[in-house]
Amino acid sequence: EPVAAPVAAPAPVQAPGGYVPLAKPPVRKLAKDLGVDLYALTGSGPDGVITREDVESAVSAPAPAAAAPS
Amino acid sequence: MESATNADLVILGGGSGGYACAFRAAELGLSVVLVEKDKLGGTCLHRGCIPTKALLHAAEVADNAREGDQFGVKSSLEGIDIAGVNSYKDGVVSRLYKGLQGLAKANKVTLVEGAGTFVGPNTVVVNGQRYVGKNVVLATGSYARSLPGLEIGGRVITSDQALNLDFIPEKVVVLGGGVIGVEFASVWRSFGSDVTIVEALPRLVPAEDEYASKQLERAFRKRGIKFKTGVKFTGATQTDSGVSITLENGDVLDADLLLVAVGRGPNSAGHGYEEAGVQIDRGFVITDERLRTNLPNVYAVGDIVPGLQLAHRGFQQGIFVAEEIAGQNPKVIDEAGIPRVTYCKPEVASVGLSEAAAKEKYGSAEVFIYDLAGNGKSQILKTTGGVKLIKAPDGPVVGVTMVGERVGELIGEAQLIYSWEAYPEDVAPLIHAHPTQTEALGEAFLALAGKPLHVHG
Amino acid sequence: MESATNADLVILGGGSGGYACAFRAAELGLSVVLVEKDKLGGTCLHRGCIPTKALLHAAEVADNAREGDQFGVKSSLEGIDIAGVNSYKDGVVSRLYKGLQGLAKANKVTLVEGAGTFVGPNTVVVNGQRYVGKNVVLATGSYARSLPGLEIGGRVITSDQALNLDFIPEKVVVLGGGVIGVEFASVWRSFGSDVTIVEALPRLVPAEDEYASKQLERAFRKRGIKFKTGVKFTGATQTDSGVSITLENGDVLDADLLLVAVGRGPNSAGHGYEEAGVQIDRGFVITDERLRTNLPNVYAVGDIVPGLQLAHRGFQQGIFVAEEIAGQNPKVIDEAGIPRVTYCKPEVASVGLSEAAAKEKYGSAEVFIYDLAGNGKSQILKTTGGVKLIKAPDGPVVGVTMVGERVGELIGEAQLIYSWEAYPEDVAPLIHAHPTQTEALGEAFLALAGKPLHVHG
Ligand SMILES: Cc1cc2nc3c(=O)[nH]c(=O)nc-3n(C[C@H](O)[C@H](O)[C@H](O)COP(=O)(O)OP(=O)(O)OC[C@H]3O[C@@H](n4cnc5c(N)ncnc54)[C@H](O)[C@@H]3O)c2cc1C
Ligand SMILES: Cc1cc2nc3c(=O)[nH]c(=O)nc-3n(C[C@H](O)[C@H](O)[C@H](O)COP(=O)(O)OP(=O)(O)OC[C@H]3O[C@@H](n4cnc5c(N)ncnc54)[C@H](O)[C@@H]3O)c2cc1C
């Protein structure tokens, strides 16, 4: 079965942490806590799902996102 | 004064908040002194959560025996052996107490017995001995409050006495329709007492979503638990044979006992806090969201900190402070994410916001109620109630309130959904096990996601 | 033959799989014909999940009454009024049945009564009337199997008869230690029978993690439920007064009844499937992961499709197919993510992989077991058991297995954790409500995250 292209359509209207069908709730929560904008990521999981690793590497990469508001 | 004992952490009070902090700190390699004047485990283990829930389970067993014929079981209830109930309850408590003492030992926490006084800046004195901590945690908990002019004694009791009665009152009045009040009302009713609850606010469990109050009131009415809401207590007089309670509306209630369950006050006086300069407001120790008091390296956790007075909040705050001190920079606790369970029959369980609170916060809210009439397992249990979900507009589910027997066990799932900010679309595809009560939660999420399965219009 | 009725969807069989598919398809605007020869609701509602769980609850009520003195309750069990049990059970079923019929009406599903035959390519015939669907879903479910040479009748019964007995057997042998076998064994034991389970595989509930089998066997032993595992049945002979069961090892068991609970076979014969060219393997209808049979636009759901035979799997597959047909491209169902509950006393509940399966899949696995001895609410219920977590190396939790009274209600939470691939670190900070059984799950995750709270070494 062909894997769908990871098309995370840019939806700038939504705040980071909003509903992103392509990430599971704990990962969305992690992203929110770390200040990672899921809409800026491309999912590497099956069917383009944004994984925990995608989020973590977005933090370690010099990201434009501000530090986690804790 | 003798020489001082030094430690990374000195904790004043060995209840839920204090001991959780001690264990976690010890795990993280800190040296810990835990000062407790009474028994490790505090209110929750010895005079709170555990003994009340043992009574509530005995109450459930009694109800089952009384109502067996509804299920085809020829059972009968000859009565309650209150000494037997107490020894069952005490057995549970003492087994858990033993376990807890073992954990303190295993964690190498230094337990100091005695009443401690905080003398600042970093020092606690117990029986003349000084314990100096790089950090100090205040965790002295709470006590049962009364109303002005209403003295506890004789037939006027608090939960402390109610837990250890050697008789079942024939007639009892419960002052306060909050968690502790409705739990005792529920127990006594199951044990055969004539019970009346008096609540000044307009509804039972007033801290919960109104839906819960309505459901609970309906169920209590059916059980024959009387209640007067929206009416103030004015006084009580004791005689040899009873206690007479008067209300603002002129009503007079006669009873064998009056249980005063009007809330718990912070136990912050007499331990040197204010004298040492700790900021106190109406008796509560004031902290920031990282549980720091106004004094450097002095923290507070549990019931003395304003907010929910719950054992697992104490655990969570205790763990938080230990990790904070150890430099782990833990995430600030979301108070609304702490699950709340009232263990009466039927139970009430909630997490997140009530409908009213959500509307205030978000301007509007989407609401869905799933009635337990559609839930097979609840029908089997012959319980009624429902699951109410509150969703932020274009946002995740921000509140769950449930009523029904045993729904307290569904709050674990609801807590994850709330805390991970799940959308109905996340939960809906995960069809729940049939036939369980968890299905009611699952069905509610299916419906909110626009794909109801067993939902009656 | 008369003129044909056309619909977007024709479904053969109105059990869990069939009706869920019908309702969801109707919600999505499709026209639906649902063919059912017996009663809407199928096995689960009329001969499966619901009536067995009503029996199990009556059994719990009986046990409580018998053991009241352990809780200080002076209760006694005079016996079981089996007619009363049956009318309670039938009452629950008929109330839910009525609800389900209402839902079919509300969803505007066209119900056709009668036995249907699939005549291909897209057509089902019922009583000579043709129903042509753009799509057809086969959902004819399953039936109780027996062993070769073992005929059902008289004192040799299956769950179908066991659910409607008008007496309680004094001595009963249960052939099969899987879900259905242990559930009936549990009920009868609570009702006072002498029960022996015979299982050919080496352990009870052999489909579960070995931990569950061990815990369940220990609990059953305490309850006086006998079992012989790893031994094959060789024959049964009936007389007027009983049935005599012989085993491979030479043992002979005499009983009033023999319950045959050796699994359920797919109900795929006699409905035209094979004749119309549907691919069948050992009686099961073969589908791909999107539940498509080898014929275009012909799907199959529920117990006739190889895999777990569970009602909520039927729901999930039915919904999936409806959404697939409506072009919603739903996500393929993860079979391991379907929660499994065995409702005997104590209950067994699991989701995801067993330890053995995880080790096979990942090479190794991290395992943590939390004993219910440390869980306050379980102590209050006087139940034993535990929570076993299986974690993939450097990965999420991939399996949860639990044993203990009422743990079936904890599987909702476990299902989210598994399906959302949560890490212990995600769950650990969310301290669970005290005192609940959900805490056992919470404590297990705390421990796996390296921060145990109430864990005894
Ligand atoms: C009847 C009842 C039922 C309850 N049921 C539940 C429930 O089901 N679930 C739930 O979550 N919560 C329940 N609670 C609330 C729960 O018990 C409290 O929230 C919890 O115990 C608070 O923990 P803590 O550590 O702040 O204080 P505490 O548990 O009160 O512990 C404080 C400790 O400090 C010690 N101490 C005080 N002063 C000193 C001093 N000067 N020196 C040394 N030691 C000192 C005390 O002896 C005590 O052991 C219940 C409470 C009551 C009264
Ligand atoms: C004793 C027992 C206890 C169980 N307990 C549980 C439990 O607790 N939890 C759980 O999840 N599962 C349980 N199950 C399993 C559950 O009942 C099945 O998984 C579920 O019913 C399968 O649904 P289905 O739609 O595939 O088939 P069924 O429910 O069997 O429905 C098939 C329907 O098709 C109809 N039909 C058959 N042939 C035709 C035809 N030619 N024309 C028209 N109609 C036809 C039948 O009358 C029937 O109504 C239990 C089963 C049993 C026997």
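Letters go in sequence order (proteins before strands), and every chain restarts at 1. What's counted below: heavy atoms across the whole structure, side chains too, no hydrogens, waters or symmetry copies.
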Okay, C:F191 and chain B: the region with an atom under 4.5 Å from a heavy atom over there is neither

When rounded to the nearest 0.5 Å, the distance separating NE2 of B:H434 from CD1 of C:I338 is 14.5 Å

Between the CG atom in B:L381 and the NE2 atom in C:H57, the distance rounded to the nearest 0.5 Å is 5.0 Å

Applying a strict 4.5 Å limit to non-hydrogen atoms, the region of B:R340 in contact with chain C is neither

One should read off an interatomic distance between C:L430 CG and B:L416 CG, to the nearest 0.5 angstrom, of 6.0 Å

OG of B:S419 to CG of C:D426, rounded to nearest 0.5 Å, is 11.0 Å

Hits for salt bridge (Lys or Arg N to Asp or Glu O under 4.0 Å) against B:R313, two or more places apart or cross-chain, chain-then-number order -> B:E335

Taking every heavy atom of C:H454 against every heavy atom of B:L103, the minimum-distance pair comes out as CA-CD1, 3.7 Å

Okay, B:I50 and chain C: the region with an atom under 4.5 Å from a heavy atom over there is both

Bottom line for B:P429: the part with an atom under 4.5 Å from chain C's heavy atoms is backbone

Filtered by a 4.5 Å non-hydrogen cutoff, the part of residues 85-94 of chain C contacting chain B is C:V85, C:Y88, C:V92

So, the part of B:Q70 with a heavy atom under 4.5 Å from chain C: the answer is backbone

Bottom line for B:V427: the part with an atom under 4.5 Å from chain C's heavy atoms is both

Discussion item. Using side-chain heavy atoms (C-beta onward) and a distance below 4.5 Å, is B:S75 in contact with C:S75?
Written reply: no

So, the part of C:K331 with a heavy atom under 4.5 Å from chain B: the answer is neither

Between B:F71 and C:V61, the two heavy atoms sitting closest are CD1-CG2, 4.0 Å

Bottom line for C:P330: the part with an atom under 4.5 Å from chain B's heavy atoms is neither

Whatever's closer than 4.5 Å to a heavy atom in chain B on C:Q379 counts as both

When the 4.5 angstrom heavy-atom criterion is applied to C:L453 and chain B, the contacting part is both

Honestly, the part of B:Q437 sitting under 4.5 Å from a heavy atom of chain C is both

Honestly, the part of B:A106 sitting under 4.5 Å from a heavy atom of chain C is neither

- Query: For the side chain of B:Q415 and the backbone of C:I431, is there at least one donor-acceptor N/O pair under 3.5 Å apart?
  - Reply: yes

dist C:E323:CD -> B:K451:NZ (nearest 0.5 Å) comes out at 3.5 Å

Residue set satisfying side-chain hydrogen bond (donor to acceptor under 3.5 Å, both in side chains) with C:E347, at least two apart, ordered chain then number -> none

The interface call for B:Y343 against chain C, heavy-atom contacts under 4.5 Å, is side chain

Taken in chain and number order and not counting sequence neighbours, the residues that satisfy salt bridge (Lys or Arg N to Asp or Glu O under 4.0 Å) with C:E183 are C:K53

Of C:N107, C:L55, C:I80, C:D69, the largest count of non-hydrogen pairs under 4.5 angstrom with chain B goes to C:I80

Rounded to the nearest 0.5 Å, the CZ atom of B:R406 sits from the OG1 atom of C:T436 at a distance of 14.5 Å

